Amino acid sequence: MTAKECGHHDSDEQRAKRITVAIVGFLVVLGIVVFLVWAILHPDKPRFTLQDVTIYAFNLTAPNLLTSNMQITLSSHNPNDKIGIYYQKLDVFASYQNQQITLPTLLPRTYQGHLDATVWSPILYGNAVPVAPFLEQGLSQDLNTGMVLLNIKVYGQLKWRVGTWISGRYQINANCPAYIAFSDRTKGIQVGPAMKYQLVQTCTVDVSLN
């Protein structure tokens with residue numbers, strides 16, 4: 001190989017190294033900018049509240065089958081004044097002692113602007129859902145005493161929006177305890193054949209990387 005060819009080869013290698021360094025440097029700077037913007041804005045997770053539960057049916061039949069039909073009012077508040085929230089997918093269902101007792105109901109996709117609030121009123125139902133044998137006795141006792149603790153759970157995905165920038169997907173899980181006093185009718189409001197219970201119960205919310 002001649003000296004001229006060797007010099008040309010070295011020049012190509014140096015050019016490739018400079019391009020690589022420039023690309024890496026750009027990505028590092030971009031990452032720092034995104035991190036700083038994120039750190040400064042630091043989005044607060046949305047706040048969910050279970051406003052009320054209307055019970056149309058809640059019957060445990062032999063051997064251990066539970067039929068339930070209820071409508072809930074669930075609200076969400078975006079506490080951020082500079083960050084919007086896209087709810088990509090939200091499913092809500094009722095559970096008893098960590099066992100799901102209704103089918104998941106899909107909530108409509110929603111964009112929540114700065115400091116905005118959203119209210120949903122989905123119907124949750126489960127027809128003859130088998131209850132785990134070790135839970136059936138406890139549920140029977142709760143129904144006999146007239147007080148049942150249900151949990152309304154929400155799970156799905158959201159994205160943050162800052163100006164025109166939209167983040168990747170994050171997982172959201174919310175848990176809303178609902179104490180239903182079947183034996184004390186003063187705790188509810190008669191709505192035709194149903195009983196409506198005003199709760200205004202704050203939910204625990206967890207948001208994490210998907």
Side-chain angles (χ1 to χ4, degrees), residues 45-77 85 87-112 116-158 171-207:
K45 56 191 177 184
R47 298 168 186 168
F48 280 71
T49 303
L50 181 62
Q51 302 289 350
D52 58 61
V53 176
T54 301
I55 303 291
Y56 293 93
F58 198 87
N59 304 309
L60 183 64
T61 56
N64 55 335
L65 302 177
L66 177 65
T67 295
S68 55
N69 188 344
M70 66 191 80
Q71 184 171 21
I72 69 169
T73 302
L74 183 70
S75 66
S76 171
H77 171 64
I85 301 175
Y87 293 107
Q88 297 289 298
K89 179 184 177 182
L90 290 179
D91 282 303
V92 57
F93 63 89
S95 71
Y96 173 78
Q97 296 292 328
N98 291 321
Q99 178 180 333
Q100 184 173 333
I101 59 173
T102 68
L103 295 172
T105 297
L106 180 64
L107 301 180
R109 287 192 174 193
T110 304
Y111 174 71
Q112 206 168 54
D116 278 354
T118 306
V119 178
W120 300 282
S121 296
I123 292 176
L124 311 180
Y125 65 93
N127 186 28
V129 176
V131 177
F134 66 91
L135 293 179
E136 188 271 339
Q137 184 177 2
L139 180 56
S140 295
Q141 292 175 352
D142 289 347
L143 287 171
N144 289 333
T145 58
M147 176 66 75
V148 177
L149 171 59
L150 301 178
N151 288 88
I152 307 301
K153 296 189 176 184
V154 184
Y155 67 96
Q157 298 173 338
L158 63 77
Q171 186 75 27
I172 179 171
N173 292 279
N175 182 25
C176 313
Y179 290 92
I180 308 299
F182 288 100
S183 61
D184 189 353
R185 299 185 74 83
T186 63
K187 300 289 186 180
I189 303 171
Q190 189 79 37
V191 183
M195 286 295 293
K196 183 175 184 177
Y197 300 89
Q198 300 282 357
L199 301 174
V200 194
Q201 177 64 54
T202 301
C203 310
T204 60
V205 180
D206 180 62
V207 178

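Predicted model, so just to flag it, every value in this text is computed and none were measured. If you read the sequence from its start, that first residue is 1, and numbering goes on from there.
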For Phe58 and Leu150, what are the C-alpha separation, side-chain angles and deciding distance, and is it a side-chain contact (heavy atoms from CB on, under 4.5 Å)? CA-CA 11 Å; Phe58 198 87; Leu150 301 178; 3.9 Å; yes
Nearest heavy-atom neighbours spanning Leu50 and Pro177: CD2-O, 4.1 Å
Pair Met147, Ser183 - check side-chain contact (heavy atoms from CB on, under 4.5 Å), show working. CA-CA 7 Å; Met147 176 66 75; Ser183 61; 5.9 Å; no
Do Cys203 and Ile152 make a side-chain contact, defined as non-hydrogen atoms from C-beta onward lying under 4.5 Å apart? no
Would Thr145 and Gln141 satisfy side-chain hydrogen bond (donor to acceptor under 3.5 Å, both in side chains), going step by step from the backbone distance to the final call? CA-CA 6 Å; Thr145 58; Gln141 292 175 352; over 6 Å; no
Aromatic contact between Phe93 and Tyr155, with the criterion being ring centroids under 6.0 Å apart: yes or no? yes
Going from CD on Gln198 to NZ on Lys187, what distance comes out if it is rounded to the nearest 0.5 angstrom? 13.0 Å
Reference residue Tyr197; test side-chain contact (heavy atoms from CB on, under 4.5 Å); the match among Asp52, Ile55, Thr54: Ile55
Within-4.5 Å side-chain heavy-atom neighbours: Leu65 and Thr61: yes
Residues Leu107, Tyr87; criterion side-chain contact (heavy atoms from CB on, under 4.5 Å); working and verdict: CA-CA 9 Å; Leu107 301 180; Tyr87 293 107; over 6 Å; no
So, Gln71 side chain and Ser121 main chain: donor-acceptor pair closer than 3.5 Å or not? yes
With a 4.5 Å limit on heavy-atom distance, are the side chains of Leu124 and Ser68 in contact? no
Got a second to check how far Asp91's CG is from Leu106's CG, nearest 0.5 Å? 5.0 Å
Within the supplied structure, the quantity of interest is the number of heavy atoms (other residues, nucleotides, ligands) at a distance under 6.0 Å from Gln137 CD; does it exceed 12? no
Over 12 non-hydrogen atoms of neighbours within 6.0 angstrom of OH in Tyr125: no
Taking the side chain as every heavy atom from C-beta outward, state whether Trp120 and Leu90 have any pair of such atoms under 4.5 Å apart. yes
Taking every non-hydrogen atom, the tightest pair across Leu66 and Leu139: CD2-CD2, 4.1 Å
Reported CG-to-CD distance for the pair Leu60 and Glu136, which is rounded to 0.5 angstrom: 5.5 Å
Tell me whether Tyr111 at atom OH has more than 12 heavy atoms from other residues, nucleotides or ligands lying less than 6.0 Å away. yes
According to the side-chain hydrogen bond (donor to acceptor under 3.5 Å, both in side chains) rule, which pairs have a member within residues 98-110, sequence neighbours left out? Asn98-Lys153
Spacing of CG belonging to Asp206 relative to NZ belonging to Lys45, to within rounding of 0.5 Å: 6.0 Å
Hits for side chain to side chain donor-acceptor pair (under 3.5 Å) against Asn151, two or more places apart or cross-chain, chain-then-number order -> Asn175
State, yes or no, whether a side-chain contact exists between Gln190 and Met195 at a heavy-atom distance under 4.5 Å. yes
What distance do Thr204 atom OG1 and Asn173 atom CG have between them, rounded to the nearest 0.5 Å? 9.0 Å
Does a side-chain heavy-atom distance below 4.5 Å link Val205 with Ile172? yes
Any heavy-atom pair between the side chains of His77 and Ser75 that's under 4.5 Å? no
Please walk me through it: do Thr118 and Asp116 pass side-chain contact (heavy atoms from CB on, under 4.5 Å)? CA-CA 7 Å; Thr118 306; Asp116 278 354; 5.7 Å; no
For a 4.5 angstrom cut-off between non-hydrogen side-chain atoms, does Pro46 reach Leu158? yes
The reported gap from CD in Gln171 to CD in Gln88 (rounded to nearest 0.5 angstrom) is 12.0 Å
